[in-house]
Each structure stands twice: as C-alpha cells, then as structure tokens.
Number of protein chains: 4
Amino acid sequence: MAGSSKRNQNDKRTRIIDAAIQVIAEKSYHLARISDIAKVASVADGTIYLYFKNKEAILLTIFEEKMEELIGIVRLELDAITGAEDRLLCFIEQHFIQVRRHPELARVLQIELRQSSHFIHDYRPESLWEYLKIASEIIKEGQEEGVFRPDIDPFIFQWSLFGALDELSVQWILSKKRERFPFQQVAQQIGSVFLSGLTTK
Amino acid sequence: MAGSSKRNQNDKRTRIIDAAIQVIAEKSYHLARISDIAKVASVADGTIYLYFKNKEAILLTIFEEKMEELIGIVRLELDAITGAEDRLLCFIEQHFIQVRRHPELARVLQIELRQSSHFIHDYRPESLWEYLKIASEIIKEGQEEGVFRPDIDPFIFQWSLFGALDELSVQWILSKKRERFPFQQVAQQIGSVFLSGLTTK
Amino acid sequence: MAGSSKRNQNDKRTRIIDAAIQVIAEKSYHLARISDIAKVASVADGTIYLYFKNKEAILLTIFEEKMEELIGIVRLELDAITGAEDRLLCFIEQHFIQVRRHPELARVLQIELRQSSHFIHDYRPESLWEYLKIASEIIKEGQEEGVFRPDIDPFIFQWSLFGALDELSVQWILSKKRERFPFQQVAQQIGSVFLSGLTTK
Amino acid sequence: MAGSSKRNQNDKRTRIIDAAIQVIAEKSYHLARISDIAKVASVADGTIYLYFKNKEAILLTIFEEKMEELIGIVRLELDAITGAEDRLLCFIEQHFIQVRRHPELARVLQIELRQSSHFIHDYRPESLWEYLKIASEIIKEGQEEGVFRPDIDPFIFQWSLFGALDELSVQWILSKKRERFPFQQVAQQIGSVFLSGLTTK
DNA sequence: CATGAATGAGGCTTCATTCAT
DNA sequence: AATGAATGAAGCCTCATTCAT
C-alpha cells in the first residue's frame, strides 16, 4: 500500500512524542529517562535516535509542534467570533478547554517550557510568544474599538492574563480533587475579573 | 571571641545557601552541581554535607527559610496599611519589590518551587500556600468591607493574582532589557486592572 | 547462529562473576572495586549493572551459585560410596580437591561468606548450612550403623570438622610454599584424627 | 598527682581500643567509622590520631596487644597443669572461656584477623602463630611422653584444632540462641573427639 | 529501518585524615 | 593534649548515546 511505510514512520514518531509527553508530565524532563519513553512508545531505546537527535530535541519538538497545533486551534475558534470582549472570553475559555483536553501536554508546556531557557542553551520560546500575541492583539483590537481602556499596555497585560490562566491550569492539573477548580466557574470568574478590569466604564 | 564559632558556622551555612540560590537560579536545580555550589560558597564539596543531608535538602531549606522570611516582610509592610484596596496594592507592590531585590531567589522560588512536587516525593509547598493566603485574606476583608465584589471566589482569585505577578516577575527576570518591564508601571497596571475588576461599581 | 546472543550474554555474566571472584579473593570484598572487576572481565563498569543490581548482588550470586555447584559435585561423589567411614573420608578429600581446584573461589567463600552476615543485612548463609548438613548426615548414618560414637552431637561435630577443613584450606591458600601443606597428607591426617576420634572402639 | 596525666593518657588510649573492639565487632572493620569509635570512646575524632597513626594501626594494636594478653593468660593456666592430655583439654577449655568472657574481642580477632592479610599490606599474624604454637607444643610433649600418636604432624594438627575451636566460637558468637551451643558440652565434645583421635590406643 | 546490549563520562556522597583553635 | 569543623580524594551507580547485528 502506497504511503504505508511513511505512515508507519509517522506512527512511530508520533508514538514517541506522545510517550515523551506522558513520561515528562509525570516525572519532569530531567527525571524522564529515554528508556521510559521508549518503553511507553513500544520502541527500542535506539529507535528514538532515528527520529530525534537527542533527548533535548524531543522536548523542543513537543514545544514547537504542539504549540503550533494549539495556536491553530485557538485561532480557528476565534475567527468565528467578533467583538474584542467576546473574543477575549473565548480565548480564556479555549485555554481551559485545551488544558482539560490534554492535561499532560499542558503540564509539559507550562512547567518545562518555562524553565527550558535554563537548560537549553539559547532557547527562545517563540511559539509561546506567538500564543501570547493572540491575547495582546485582542487587547489592541478592543482598544481600537474603544471598548478596552487605552491606558492598558497590551504587552504587560498579555503576561498578566497568561500568568493567571497558567497558574490556575497548573493548580487544576496538580489538584487531586479537581472539583475544587471547576472549569466553568474558573473560566467565568477570571473572564469576569479581567473584563471588568479592562473595559471602559 | 564569644559566639565566634557559632557565627562562623552560620556564615558557612549562609554562604552555602546563597551559593545554591545563585547556581540553581542560573542552571536550574537538576543542572546545579554540588561542586558548583561548593565552589561559589568557597567550601569543599564535603562541607556542604555537614550542613545539609543531601542536595534536595538544600532546595527544601531555601523554600522553607526564604519563603518564611518573605512572608514575614510582606506581612510587616501590610500591617501598616488599612483598607482592602490599599492593602491589595501594597501586596502587589511588595511582590515586585522583593523580586527586584532578590531576583535569583525569586527565580528559584518561582520555577523550582512550582515543580518541586514533581521530583520531591510527597513535598507540599505549604509556604507558598501561606503566601497566597495573604492575598485571599485581603480579598475576604474587602468583601466584608463591601468594597470588593462578593461573587469573586477568593481561592480562585488568589491564584489568578499570583499567576499574574509571578509571570510578570519571571519575564522581568528573564528579560535582558529589563526596562521593557519598568517595575513601577507594571505594578501600577496590574494593580489597576485587578482592582477595577474586583471593586464593586 | 541459534542461541549465540544468549550464549554471549552468559559469557559476559560468567566473565563478570569470574572476575569478581578473582578480585575479591585478592583484595577482599570491600577493597574490590567495581572498576577492577570490570577491567578484569573486560567490560565497561556500567555493563556490570546490566547483570547485577549492585556490588553486593555479585557477592551474593557467587555465594548462591558456586555453593550450589559445589554441593552438587560433592553429593555426586558421595553417592558412589557406601559406609559412613568411607563417606566421611570422601567428604574430607573432596573438600580439599575442590579448594585446590578453585583456590580463589575457596578464599571468597571461606572468608567473605563467613563475615557476610556482618555487612549484608539479614543475610543468612543457607548454602553454607546445606554444605555442612552433608557432614552431619554422614555422622548420623554412622551412628545408626553403629560405627560412630553415639554420644557425639552431629550438629557440634559438623562445625568442628568444617572449621578444621576450612582452616587448613585457608592456610594452604595463604601459604606461599604450599608444599608445606601437601594435600594428600593433610587429608589423610585430618581424616585419621577425626575418624579415630569418632569411631567406637 | 604524679602519674595522673600518664594514667589519663592510658585511660583514653584504652577507651579507644575498647571502643574500636566494640564497633568493629558490630560492623566489621571496613564498616566501622572512626567517628563511631570516637563517639563510643567519648573522645573527639582527632584525638584518635594522637594515639594511633591511622585506622589500620588500631586494628593492628588490637591484634598485637590483645593476643599477647590472651597468650599470657592461657600460658599461665597451662603452667599449673601437667600431662599432655590434661593440658590439651585445658587449652580447649580456656579458648572457650576467653571467647565467652570477651565475645566482641573474639569476634574481631577471629574474623578480622583472618582477613587482615588481605587488606593490610604485608601483615603477618605472628601473634596468632604464637597462640597456635601453644597447641603444637602440647602435641609434641604428648608425643614425647608417648601418649599421643607419633604419626600426627603437630603443625597440621594445630590448625585443625584451631579451626574447630574457632568455628565453634564464631557460631556461638553469631548464634542468637546461644544455648544451642552450651559451652560445657561443646568443650567436652571437642576435647573428647580430638583426644580420642590423638591418643595411642 | 529497528534493536537493545554495551559503553563510559560524570554526579552525589562518604569518610579517613588534617589543622587551626 | 584535645577538639571537631573542614577537607577532598575516590567509589558506586545512572543513563544518554552508540553501534554491531
């Protein structure tokens, strides 16, 4: 069958990435062993090196590819909505939806991505910045529409918003009794506070 | 001289902790080598084990002692202020002041403390929770005073606020041109947004 | 070639055990370095850990496997002989034959096995006891046959005999001029003394 | 007071030796730490080095001094007895008496002394040989008196006897229920066997 | 492409010994 | 003489990476 070899390749590559996400989420990057990832992916240790240059490259691939996917999804959802206020609420809601859908990925992206610049020489998390740009663009739109306070610096605001979303997501992920952080309510509350804080009276 | 031996001991212990903060801030816990810490502290590798059970204990000590110090300072500053609104602004301002004063410590506390529960079996960052409790208590006071919206869940809000403060602090620390994040403005903006979002109209 | 991979594995495992026996015999367990053993076995240090959990496990394996081998051999030889007296002489002779055949193994078993219960928590040298049981069973047989004094406690006797055999073996091993302890004569003398001491007049 | 300083010195030196015997008996030489010995002796770690060149010297001192003491005691007891047979029985009895009186010392002498030549470069346990010489001299006397078989090699015999005494002592020391090895009976049995094996009919 | 046994560099930690007080 | 804090050499072990099959 045409493409089957290629598909199998992709299959194996995908399995390695998924396994890496799972293992890194559970143990953190430095404690995740290549052999753990290989076992979960059902491949030999050496096979991983056919698809990735080294351990670090797996992490970088997760950052790049998964963030790109995420950004694509969020952008698609936002395209259907008009009005800066609703678009901001949608962004917030989507963040939590994605975290709930892929909690292990979220954990890797949130915790490991943050400290990546420590241990990956010269790594700049461009994809994270692109994700944040979505938020700051919404702010700018709102300011142009006149619905958001013009004195708010979108650059500063994007980090505030992201920090809040990120922290709550981490807590939800870590939380053993996740019902203490009901997603609907969390999204509603944070949306409410930030919108109230942002909108012109 | 009376107490000199004890003072020297404290001296050495303090030097080790400070060296650890510096090295961990620079390389992250897992890449910080005991020998690096010893070199910075100007002691022999083995000396570290006279003061700490093992590498992990150094990190835990930093968490415990430094957070306690921080909480004490912040609580002291807050005691001088009345009114939930001003107290919240003071909390926000103090957070940035402390981060700017001890950026390396901030980096360790923010990044390593967060993921510590990953690799330190059964570690619960109680001190972080106590820090957050300061914020949620201010919210509750404000709600009782009638100046803060009663529909806000203080538990959720504390994480939002902390996430925002934390993220901006990280960005300030990472930022090579820190003037892009002028502290005064950042504190003012975030205070403004959260207060506006929080206060009853 | 079928089984070649398995054979190679066994090869390497065997080489490690043999190297360990050689190095431990020469230096004693605590002074035997993993790197010494690895060098003698012509493997990398890390390879040893593919076959053994840790250093202690190598020693335990030597105890278990080699004692079992030894017991098997001695039992086989004894099966061909009838009469408690001749069986006892055979046991004595076999002890010296095995020691002369594998002097390094003998040294490890004699010296390290004896003190193993000191440093290996909760280790009970069962295999040593099984070896000794061979002797005490011969005594009991002889007592039932009426050729051995009934007032002799086989349990005490087995230790006396083993102590004597063991001590002479150690002296032979340590002896630089081993001709001072000619095996034939030693076996004959000790057999003669113990038999005379044991038989009913 | 004249001699008090000297006496204190001896006191401290004695305490170190006794502590070393205790700790080495419990953990074996290599696992006995200088700091353990210092703690038991109630002296500082460094003090030990005022009395002994290094760790090895402590062990050697135990070997030399305690064996000399032991030999003196046994010789004294033997002086009161005539007749090779009774003297041999006395030697056997004394061995067990001394072991029971100083089980920890016995353990050190028996187990560590045996393997000392492994780890103490060029150490020859002369004192052990002198102890054994007591036995072989009794044999020679008995042969001259005509009560012991002339075909027995005293040199071989001394090791047989010592091995048996030693093994039973070790088992008594290791034994948790020492009543399984009642001293009187053990001494009587071993004396009976060796005498019967040794005497001319 | 796939395997997984083998490698060996390098880290954490211990502990005999030293030396300033 | 006594102390015990400090030293630093050295060992066990892990694990990312390689390579022969």
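The chains referred to below are lettered A, B, ... by the order of the sequence lines, with proteins before strands, and numbering in each begins at 1.
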Looking at the side chain of [X], which of [options] is the nearest nucleotide?
X: Lys55(B); options: dT13(E), dA2(E), dA6(E); result: dT13(E)
X: Ile34(D); options: dG11(E), dT17(E), dA6(E); result: dT17(E)
X: Asn54(C); options: dT7(F), dC13(F), dA16(E); result: dC13(F)
X: Tyr51(A); options: dC12(F), dA16(F), dC1(E); result: dC1(E)
X: Ala44(B); options: dA16(F), dA6(F), dG8(F); result: dG8(F)

Over how many whole Å does the gap from [X] atom [atom1] to [N] atom [atom2] extend?
X: Leu31(B); N: dG10(E); atom1: CG; atom2: P; result: 14 Å
X: Ile48(B); N: dT14(E); atom1: CD1; atom2: C1'; result: 14 Å
X: Glu56(A); N: dC15(F); atom1: CD; atom2: P; result: 18 Å
X: Ile37(A); N: dG4(E); atom1: CD1; atom2: C1'; result: 16 Å
X: Asp36(D); N: dG4(F); atom1: CG; atom2: C1'; result: 15 Å
X: Lys39(C); N: dG8(E); atom1: NZ; atom2: P; result: 12 Å
X: Phe52(D); N: dA16(E); atom1: CZ; atom2: P; result: 15 Å
X: Arg13(C); N: dA6(E); atom1: CZ; atom2: C1'; result: 17 Å

Exercise. Can we say Asp36(C) and Arg33(C) salt-bridge, meaning some charged N sits less than 4.0 Å from an Asp/Glu carboxylate O?
Worked result: no

For this session: Give a yes or no on whether a salt bridge exists between Glu69(D) and Lys66(D), defined as a side-chain N under 4.0 angstrom from a carboxylate O.
Result: yes

Exercise. Within the pair Lys12(B) and dA6(F), is there a side-chain N or O less than 4.0 Å away from OP1 or OP2?
Worked result: yes

Problem set entry | Contact under 4.0 Å: Arg33(A) side-chain N or O vs dT14(F) OP1/OP2 | no

For this session: Could you tell me whether the side chain of Leu128(C) reaches within less than 4.5 Å of the side chain of Leu109(C), counting heavy atoms only?
Result: no

Exercise. So, for Ala20(B) and Ile62(B), which heavy atoms are closest and what is the spacing to 0.1 Å?
Worked result: CB-CD1, 4.0 Å

Problem set entry | Minimum heavy-atom distance Leu113(D)-Pro125(D), with the two atoms named | CD1-CB, 4.0 Å

Problem set entry | Partner nucleotide, any strand, of dT13(E) [Watson-Crick/G-U, under 3.5 Å] | dA10(F)

Problem set entry | Under 3.5 Å on both distances, the Watson-Crick or G-U partner of dA20(E) | dT3(F)

Problem set entry | Earlier contact from the 5' end, DNA chain E, for Ser42(C) and Ser35(D) | Ser42(C)

Exercise. If you count the non-hydrogen atoms of other residues, nucleotides and ligands that lie under 6.0 Å from NZ in Lys27(A), is the total more than 12?
Worked result: yes

Exercise. Would the number of heavy atoms belonging to other residues, nucleotides or ligands and lying under 6.0 Å from CD of Glu68(D) be above 12?
Worked result: no

What nitrogen or oxygen pairs link the protein and nucleotides 18-21 of chain E at under 3.5 Å?
none

Problem set entry | Lys55(A) side, atom NZ; Ile34(A) side, atom CD1 - distance, nearest 0.5 Å | 6.5 Å

Problem set entry | 5' precedence on DNA chain F between Tyr29(A) and Val43(B) (nearest-nucleotide basis) | Val43(B)

Seminar exercise, completed: Judged by nearest nucleotide, the residue sitting upstream toward the 5' end of DNA chain F, Ala32(C) or Leu50(C), is Ala32(C)

